[in-house]
Amino acid sequence: MNRLTLLAAPAALAAALVLGCQDSGGAGGAGHDAEHGAAHPTTAATRSAGGTDQAGTKVAVANIRPSQAASTQPSWGTPTGKITFTQTGGRVKITGDLTGLPPGRHGIHIHEKGDMSAPDLMSTGGHYNPDKHPHGGPTTSPVHAGDFGNLTADESGKASIDLTVTDITLGGEKNDVLGKPVIIHEKADDLKSQPSGNSGARIAGGLIEMQK
């Protein structure tokens, strides 16, 4: 299944103008969607109880917290933040902001097990890969359903993500990610080494749960 990397919210929907004509019975025009890229975070969708808004959009969040292992506790700060998953139809938009990261790139993935009991987060298993694809980046296909590429933290430790994919769901029959963890890694994902991109220790994470 193809993935889409969209670095901004969808652009405006074109208006449809219908003109009537007595001789021909009328003629119509059609609208279309346009999507463009930008490197800025977006805000989460409007939500109601149960994680579903009035239009039927599903919303889930992962509250990111630092790992507790001494070997992965950073001296530069405390990685925290929130990542929001918004599913509309067959697309899931992932947006969010984090702070407390060391400047530079950090691999970000969904992992396979919702067990975050280990201080070093190794209890979360490997990357979420229900379709048995090779590891890669968000712009390549096929890849692990949990491959989200890298976050880039600025000099103050702030990073954001804005990505849209089509190979996961929130509570759907196929590739459901609810209850699975988002994991932030110490180093950059090289997007090619198998099976996980050589991105180092797991320095932070949070479970994907429906917004209440």
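Heavy atoms only: backbone and side chains are in, while hydrogens, waters and symmetry mates are out.
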To check you understand the geometry: which heavy-atom pair defines the closest contact between P119 and S67, and what is its length? O-CB, 3.3 Å
Hey, what do you get for CD1 (I183) to OH (Y128), rounding to the nearest 0.5 Å? 15.0 Å
Suppose we screen for side-chain hydrogen bond (donor to acceptor under 3.5 Å, both in side chains). Which residues come up paired with T169, at least two apart in sequence or across chains? none
Please answer whether the main-chain N or O of F85 pairs with a side-chain N or O of Q87 as donor and acceptor at a distance below 3.5 Å. no
Donor-acceptor contact present, side-chain S123 to main-chain D115, <3.5 Å: yes
T152 meets the side-chain contact (heavy atoms from CB on, under 4.5 Å) criterion, sequence neighbours left out, with R105
Does H127 reach the side chain of I110, with side-chain heavy atoms less than 4.5 Å apart? no
Counting only N and O atoms by type, is there a donor-acceptor contact under 3.5 Å from the side chain of K58 to the main-chain atoms of L170? yes
Using a distance-only test with no angle check, is there a side-chain donor-acceptor pair under 3.5 angstrom linking T95 and T84? no
After noting the C-alpha distance and the side-chain angles of L98 and K158, does the key distance pass the side chain to side chain contact (heavy atoms under 4.5 Å, CB included) rule? CA-CA 6 Å; L98 290 91; K158 296 179 180 179; over 6 Å; no
H135 vs H144 aromatic rings, parallel, tilted or perpendicular, using cut-offs 30° and 60°? tilted
Name all residues meeting the side-chain contact (heavy atoms from CB on, under 4.5 Å) criterion together with P195; count only those two or more places apart in sequence or in a different chain, and write none if there are none. none
Validation row: T166, V92 side chains within 4.5 angstrom (heavy atoms): no
When you measure from the side chain of K180 to the backbone of E112, do you find a donor-acceptor pair of N or O atoms at a distance under 3.5 Å? yes
Would you compute the distance between atom CD1 of I208 and atom CG of L178 and round it to the nearest 0.5 angstrom? 7.5 Å
List the atom of S160, the atom of L151, and the distance in Å for their closest heavy-atom pair. O-CD2, 3.5 Å
In one Ile/Leu/Val/Met/Phe/Trp/Tyr side-chain cluster, 4.5 Å: V177, L163: yes
Test side-chain contact (heavy atoms from CB on, under 4.5 Å) applied to L191 - qualifying residues, sequence neighbours left out: N150, D189
Quick check: is I108 connected to L121 through a chain of hydrophobic side chains (ILVMFWY, heavy atoms under 4.5 Å apart)? no
Look up atom NZ in K93 and atom CD1 in I161, then write down how far apart they are to the nearest 0.5 Å. 10.0 Å
Taking all atoms of both residues into account, what is the closest heavy-atom pair of P134 and D147, and its distance? O-OD2, 4.2 Å
Which atom of S199 lies closest to which atom of H109, heavy atoms considered: OG-CE1, 3.6 Å
Please name the pair of heavy atoms, one in T88 and one in T57, separated by the smallest distance, quoted to 0.1 Å. OG1-OG1, 3.3 Å
With sequence neighbours excluded, tell me which residues meet side-chain contact (heavy atoms from CB on, under 4.5 Å) with M122. D120, R202
Whether Q194 side chain and K192 backbone form a donor-acceptor pair below 3.5 Å: yes
Here the pair of heavy atoms bringing A62 nearest to V182 is CB-CG2, 3.9 Å
Which residues pass the side-chain hydrogen bond (donor to acceptor under 3.5 Å, both in side chains) test with N63, sequence neighbours left out? none
Atom CD1 in I168, atom CG in D131: separation rounded to 0.5 Å? 11.5 Å
Roughly how far, to the nearest 0.5 Å, is the CG atom of L101 from the CG atom of D154? 9.5 Å
Look up atom OG1 in T80 and atom CD1 in I64, then write down how far apart they are to the nearest 0.5 Å. 9.5 Å
Is it the case that the ring center of H185 lies less than 6.0 angstrom away from the ring center of H106? no
